[in-house]
Amino acid sequence: MTQIERLTGTAVPLGALRTEKAASIGEYTDLKKLADFAKKSGLGIIQLLPVNDSGTQSSPYSALSAFALHPIYLSLESIEGFDGLYKSNAEFKKNYDAFISYHKDAERFSYDDVNNSKDYFLRKIYAETETAKKGKASKDLENFIKKNSWVIPYAVYKNLKYSYMQASWKSWKKIDTGLSEEEIKKRWNSDPAHLYYAWLQAECEKQFSESVEYCRKNKILIKGDLPILMNEDSCDAWSHPEIFNQSLRAGSPADGENPAGQNWGFPIYNWKNLKADNYTWWKNRLINASKFYDAYRLDHILGFFRIWAIPENDCNALNGHTEPFAGFKADDLYELGFDDERIRWLSVPHVPTHVIEDITWNHKKSHEILKLFATKLPNEELWLLDGAGKKAFGSKNIEEADLSGMELCTEEAEIKIKEYLVKAWSDRTLIPMGKNKYVPSWIYGQSTSWGTLNDLEKEKLTELFEKVSMKENRTWEKNATEILTALTEATEMIPCGEDLGVGFECVPRVMKKLGILGLRVVRWCRKWDEEGQPYVPFEDYEPLSVCTTSVHDSSTMREWFNNSQFTINNSQLMEIKNEETESELSKTNNLFDSQLSIGNLLSACKASKSTWFIPPLQDLLYMNEKYWKENAEDERINVPGSVNPFNWTYRIPARLEELLEDNELCKKIKEL
């Protein structure tokens, strides 16, 4: 294993950067100024959030391509032809000046406006190029396309998406989906409009590469971020459907904060097909990323071991299962003394007529409603919630059903009925997985059917579940070792993995074996099973890891301190010993009100056993109070579980030129 140098760095979304030139959003060229600041401050790593094209989605984790860069980060003024157009075209100049003026001092950038405006300006600039005028790629562009085979399907996909007003490819005409590689190539050759998207990517690579080279010359490593999943509307899902399983969606099972689990909406991978092709798509993705990055972060590394897979037609994650899974057969349940009727009771939700009747106050109408979703058992007022014979039935079908035409079914009654049936859909002990095969529900202990079992029956099923779980763990370790070995050997980049919340012994074992750095977020590094849940001492951190104070999905260090009501009584986090610090803290009874506490926490993190310490830029800027925003909440990058203009539009509180001139701040950071 190659020895990795101990370094401190900083993490930031590229779009958050501010410079004198980039007035609307951070751009590829701004990395040079950030590198100057990093060098002056003694930082050795710049970690970026994903910079792949995400189309109309502001989330960088919802990419439309695993390879294409986002044109939103292009510096328009750095593109050849901009100056001439700006000077000769009065309308262009007027619109560009208005765009810059409008966004210059905005607290957060407007993703939609910046994205649409930049596309407008880029199309104007492109129209003046020889490529656009001749309808034929220049020699340089032609060479770029030849070196990047992904460009052709990407350009065809983007041009189609533009013609469909950015609608999902799943709503396109059939003639534009399911195209073979040969058919995509024919489309490419048939329309010169495709060249615009190739030109954009060539410009993105040129600017990003120049900035990365500048960073490397200044001995600053660039760490990229590779989301494990792809948007179902992505070019990759459109052009390579064989590597995705569109019938299942990725997410996470129920936990304390998410009682219904999480459904992320992304399709899972078809690992069987990926393996048959020797993981070529993934390897190519990493090879392409290595043009820009010295290290990379694999998001949700647990997904390479197993993914939480949810049926496409389910709205929540409760009826999901791990993929791959082991499961058990009906024969195994027969051996435990369960017959077909009892197995049905455990695996198919049962709905009594009276529950719906109590809402509608009409027996006949209750039957009519239930017939839409369930099958009535003979001679009983009891229904099997089985989709009434519909294929691929799920809780989405219940939510989307229109009951307004049902007489006596008011809007209020419809809401209550749907809420009950959606909840009932997940009320089961076993999840059917095809013919005569089952897995235990993640929340089987809360199900109605489980509550009716006697202690012996529960004991037998629990033993069966544990046996299957052990088998699954062996499979997950074997599969992940094979996949991650292929990936980590594909390039010379240093691999890192987001392993938060991982509870499987095999995960850290495989990561250590393959030299993959884990992630240690201070606030979550605690001995959760011990009384008081004390923090893990910094000297006990796994050396093969990245330590940080906050992440893009969490609050910043300042907001965390404020909300957690830290006091001198639990200052073991920073092991504060000196009298001056304790005296300062005792005045405020709040750690974050003290500048000393900030330096103490950052210094303690740097002294941890982790190989790298990479806090977000916000947390480093807290070393000078003039960079604090009035509300700590405004310094967040993303609030998980919410979709709004706030998320992913953070801008740093000062231009990089100003930070460079702040000798005191640079000195404080360097002293870390």
Side-chain angles (χ1 to χ4, degrees), residues 52-57 63-72 74 76 79-81 85 115-116 118-207 230-244 246 267 273 277 280-281 284-285 287-288 291:
N52 294 87
D53 182 4
S54 59
T56 59
Q57 298 291 318
L64 295 183
S65 171
F67 302 90
L69 297 172
H70 206 319
I72 199 173
L74 277 171
L76 300 177
I79 299 175
E80 184 179 348
L85 190 59
N115 193 39
N116 293 332
K118 281 205 168 184
D119 184 60
Y120 164 80
F121 295 124
L122 286 164
R123 288 181 185 274
K124 293 291 185 183
I125 298 170
Y126 173 70
E128 298 300 314
T129 66
E130 288 300 307
T131 293
K133 290 176 179 178
K134 294 180 179 179
K136 184 179 180 182
S138 65
K139 188 174 181 180
D140 287 345
L141 183 56
E142 189 176 352
N143 288 334
F144 170 77
I145 295 167
K146 285 181 179 178
K147 290 178 181 178
N148 297 276
S149 60
W150 55 266
V151 170
I152 290 178
Y154 168 77
V156 173
Y157 160 84
K158 286 289 285 187
N159 195 41
L160 279 167
K161 198 164 181 61
Y162 183 75
S163 70
Y164 279 104
M165 305 287 288
Q166 304 303 327
S168 167
W169 65 262
K170 290 192 169 186
S171 67
W172 298 355
K173 296 176 182 177
K174 286 188 177 181
I175 194 174
D176 293 325
T177 61
L179 302 180
S180 66
E181 186 176 345
E182 184 180 346
E183 289 170 325
I184 290 174
K185 191 68 179 289
K186 285 182 180 178
R187 293 289 187 96
W188 161 265
N189 291 325
S190 69
D191 189 350
H194 296 134
L195 290 170
Y196 169 65
Y197 301 99
W199 173 80
L200 280 179
Q201 288 306 307
E203 291 296 325
C204 287
E205 179 165 313
K206 179 183 177 183
Q207 290 190 13
M230 295 300 303
N231 192 315
E232 67 174 335
D233 186 32
S234 67
C235 169
D236 302 85
W238 171 77
S239 60
H240 291 288
E242 72 280 359
I243 66 176
F244 296 93
Q246 291 279 0
N273 288 347
D277 193 36
T280 299
W281 181 84
N284 287 341
R285 187 180 179 187
I287 291 169
N288 185 68
K291 292 187 291 188

Would you mind reporting whether [Y] and [X] have side-chain heavy atoms less than 4.5 Å apart?
X: L160; Y: Y164; value: yes
X: D236; Y: F244; value: yes
X: T131; Y: W199; value: no
X: H240; Y: M230; value: no
X: C204; Y: L74; value: yes
X: L195; Y: Y126; value: yes
X: F67; Y: N284; value: yes

Enclosure of E80 CD (heavy-atom neighbours >12, cutoff 6.0 Å)
no
Please determine whether the number of non-hydrogen atoms from other residues, nucleotides or ligands lying under 6.0 Å from atom CD of Q166 exceeds 12.
yes
Between H194 (side chain only) and A155 (backbone N and O only), is there a donor and an acceptor less than 3.5 Å apart?
no
Distance in Å, L122 CG paired with I72 CD1, rounded so as to fall on 0.5 Å steps:
10.5 Å
Return the OG to CG distance between S190 and N159, rounded to the nearest 0.5 Å.
9.0 Å
Which class fits the ring pair Y157 and W238: parallel under 30°, tilted 30 to 60°, perpendicular over 60°?
tilted
Do any pairs count as a salt bridge (charged side-chain N to carboxylate O under 4.0 Å, His left out) and have a residue in residues 149-165, sequence neighbours left out, and if so which ones?
D53-K158, K161-D233
Looking at residues at least two apart in the chain, or sitting in another chain, which of them share a side-chain hydrogen bond (donor to acceptor under 3.5 Å, both in side chains) with K134?
none
Under 3.5 Å donor-acceptor pairs involving side-chain atoms of residues 136-151, not counting sequence neighbours:
| from | atom 1 | to | atom 2 | distance (Å) |
| --- | --- | --- | --- | --- |
| S138 | OG | L141 | N | 3.3 |
| N143 | ND2 | K139 | O | 3.3 |
| N148 | OD1 | W150 | NE1 | 3.4 |
| N148 | OD1 | K291 | NZ | 2.9 |
| N148 | ND2 | F144 | O | 2.8 |

State whether R187 and D191 are salt-bridged, where the test is any N-O pair (Lys NZ or Arg NE/NH1/NH2 against Asp/Glu carboxylate O) under 4.0 Å.
no
